[in-house]
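The structure under discussion appears below in the form of structure tokens.
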Amino acid sequence: MPSTKVVVNFADKPSYDVRVGAGILQAVGQRVRATCPQAHQALVITDSNVAPLYLDAAVSSLKAEGLRTSSITIPAGEESKSVACLSEIWQAMAQKGLDRSACVVALGGGVVGDLAGFAAATYMRGIGFVQAPTSLLAMVDSSVGGKTAIDLPAGKNLAGAFYQPAYVCADTSTLATLNQREWACGCGEIAKSAVIGGDDFFFWLVEHASRLAERDPEVVNEAIVRSVVFKADVVAADEQERSGTRECLNYGHTLGHAIEKLAGYGVYSHGAAVAEGMRFALRLGVALADAPIDLVHEQDALLDSLGLEPLAFSASPSQIIDAMRSDKKNRDGQIRFVIPSDVGAWSVLPVEEDILREHLDAWSRSK
Ligand code: NAD
């Protein structure tokens, strides 16, 4: 299967390519050479799960292009998106003598991409940056759009920068080693993009959901490409979340983040929590935005068939509302949701506490 190129365009800065295909990591060096022509050095940042699998392929490709290449392997897991880990990376960059022409290659999931991107954005006020996502979530979402961040004790992604990569290399053959939990996690973000993206994407996904769950290579490739096209359009319209368009990417996240926080980070995957949040937000849509009830059943069936069954998690409405209060999307103390009124139609609405409590009651009774 040939690889597919999606271009991410901006009005006021250089565009970049996202390439999706099997085996393309072997050519990442050529793409770094082409997109960061000033680079003499490359630094691959990866994690402890991905390094034994794919680091050699990335390093060989970079070295074959004459780039002086070294690597840093961080412990796998969200805990690495920390000030301490970032500080170690900055110091290692300095010790390795990286200069302004160097290029960072983020090889891994969203944790590596967010952390390595922030390191690239801040070291010497910004050096070259290429994303080589290896998780499904990172291919369909986090590697595109330029959000980089670390977590602070006060909350997730609280320190970061918008910093676009020069190139994104989504080698789908790396997905062969992804476990089922992480696979379903990525499927949650694909489903989110499809509901918000519109009829064409949504009904295509409904039709192909079981083949996606079985990891049929053709369907996987197309699901990634469609998600990247969707994300590229959103980011082109609102790179820095100023006009509000980019907020649609938070569909399912208001309840999803609250669940992740209350259950303890890592208990449920991000995508599984987002899927639960999508179920809840669409039910709000029926009550508050005239969303068709049929769509609730279609979305439920879609999530089920992607391995994202309803979570066996429950908490009292008060606990959930408290957890939702720290959401970055809130304004003036009001809890806000991305609420679809149909496939491809959405708005961000504040929901009054008494209404929210009523719906959360119904949600916890359904558990
Ligand atoms: P992750 O990076 O922790 O990866 C999930 C797990 O899969 C890890 O254990 C990792 O080592 C492993 N893994 C990755 N690729 C693998 C492969 N090919 N084979 C075997 N194992 C592999 O998590 P994630 O779900 O990829 O990303 C989640 C992070 O992304 C969160 O920190 C979240 O905040 C961030 N995120 C960022 C954006 C953005 O726009 N920047 C968007 C969504 C999520």
Side-chain angles (χ1 to χ4, degrees), residues 8 18 22 25 45-55 57-58 73-82 85-86 106-118 120-121 129 131-152 155-165 168-190 192-193 215 220 224 227-228 230-232 234-235 238-241 246-253 256-257 260-261 265-266 268-275 328:
V8 186
V18 180
L25 187 60
I45 301 180
T46 190
D47 78 17
S48 49
N49 291 334
V50 175
L53 299 167
Y54 306 113
L55 181 57
T73 300
I74 61 164
E78 185 72 27
E79 300 70 36
S80 287
K81 265 175 67 174
S82 63
C85 195
L86 177 64
L107 176 72
V111 164
V112 166
D114 281 13
L115 175 68
F118 194 35
F129 178 44
Q131 288 265 22
T134 60
S135 73
L136 185 57
L137 178 137
M139 290 187 194
V140 300
D141 192 353
S142 62
S143 65
V144 179
K147 275 192 179 178
T148 72
I150 56 165
D151 304 330
L152 300 181
K156 271 192 71 174
N157 298 324
L158 285 188
F162 287 99
Y163 198 64
Q164 301 295 340
V168 181
C169 172
D171 183 341
T172 51
S173 60
T174 63
L175 296 173
T177 47
L178 202 63
N179 67 29
Q180 189 46 37
R181 173 188 154 106
E182 301 305 337
W183 184 267
C185 175
C187 287
E189 298 289 357
I190 294 171
K192 173 200 81 177
S193 304
R215 309 193 189 195
V220 170
I224 295 169
S227 301
V228 171
F230 163 75
K231 180 125 190 214
V234 170
V235 168
D238 182 19
E239 188 206 355
Q240 301 204 354
E241 224 165 80
R246 194 167 176 159
E247 282 193 277
C248 71
L249 301 174
N250 293 322
Y251 178 41
H253 285 59
H257 279 158
E260 284 185 277
K261 189 172 179 179
Y265 288 106
Y268 298 111
S269 77
H270 176 68
V274 166
K328 287 203 292 292

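Numbering of ligands and ligand atoms starts at 1, following listing order.
Only one option out of T73, V50, D47 pairs with L55 in a side-chain contact (heavy atoms from CB on, under 4.5 Å); it is T73.
Atoms of ligand 1 lying under 4.0 Å from at least one heavy atom of K231, given by number and element, are 40 (O). Near D47, meaning under 4.0 Å from one of its heavy atoms, ligand 1 places the atoms 10 (C), 11 (O). Taking every non-hydrogen atom of A76 and a distance limit under 4.0 Å, the qualifying atoms of ligand 1 come out as 11 (O). Below 4.0 Å from some heavy atom of N157 lie the following atoms of ligand 1, by number and element: 34 (O). Residue E78 approaches ligand 1 through these ligand atoms, each under 4.0 Å from one of its heavy atoms: 31 (C), 32 (O). Each of the following atoms of ligand 1 lies closer than 4.0 Å to a heavy atom of Y54: 18 (N). If you number the atoms of ligand 1 from 1 as listed, the ones under 4.0 Å from a heavy atom of T174 come out as 17 (C), 18 (N).
Atom 39 (C) of ligand 1 has its nearest heavy-atom neighbour, among S80, S135, S142, in S142. Summarising the contacts of atom 43 (C) of ligand 1 with L175, L136, D141, the nearest heavy atom is found in D141.
Below 30°, between 30° and 60°, or above 60°: for F129 and Y163 the angle between ring planes is below 30°, a parallel geometry.
With a 4.0 Å cut-off on non-hydrogen atoms, E189 does not touch ligand 1 at all. Residue K81 touches ligand 1 through its side chain alone, judged by heavy-atom distances below 4.0 Å. Contact annotation: for D114 versus ligand 1, heavy atoms closer than 4.0 Å belong to the side chain alone. Of all the heavy atoms of E182, the ones lying under 4.0 Å from any atom of ligand 1 belong exclusively to the side chain. Within the 4.0 Å heavy-atom criterion, neither part of D151 lies near ligand 1.
Checked against a 3.5 angstrom limit, the closest N/O atoms of T148 and ligand 1 fall outside it. Residue T134 has at least one N or O atom closer than 3.5 Å to an N or O atom of ligand 1. Considering backbone and side-chain atoms alike, V111 places an N or O below 3.5 Å from some N or O of ligand 1. Note: no N/O pair closer than 3.5 Å links V112 and ligand 1 by distance alone.
With a 4.5 Å cut-off on side-chain heavy atoms, S227 and I224 do not count as touching. Between V235 and F230 the shortest side-chain heavy-atom distance does not fall below 4.5 Å. Here the side chains of D151 and N157 are in contact, with some heavy-atom distance below 4.5 Å. At a threshold of 4.5 Å between non-hydrogen side-chain atoms, the residues E78 and Y265 do not count as touching.
A salt bridge does not link E239 to R246: none of the charged nitrogens lies less than 4.0 Å from a carboxylate oxygen. Between K81 and D114, at least one side-chain nitrogen of the basic residue sits less than 4.0 Å from a carboxylate oxygen of the acidic one, meeting the salt-bridge criterion.
Rounding to the nearest 0.5 angstrom, the gap separating the SG atom in C187 from the CZ atom in R215 is 8.5 Å. Rounded to the nearest 0.5 angstrom, T148 OG1 and F162 CZ are separated by 9.0 Å. Between the CD atom of E189 and the CE atom of M139 there is a distance of 14.5 Å, given to the nearest 0.5 Å.
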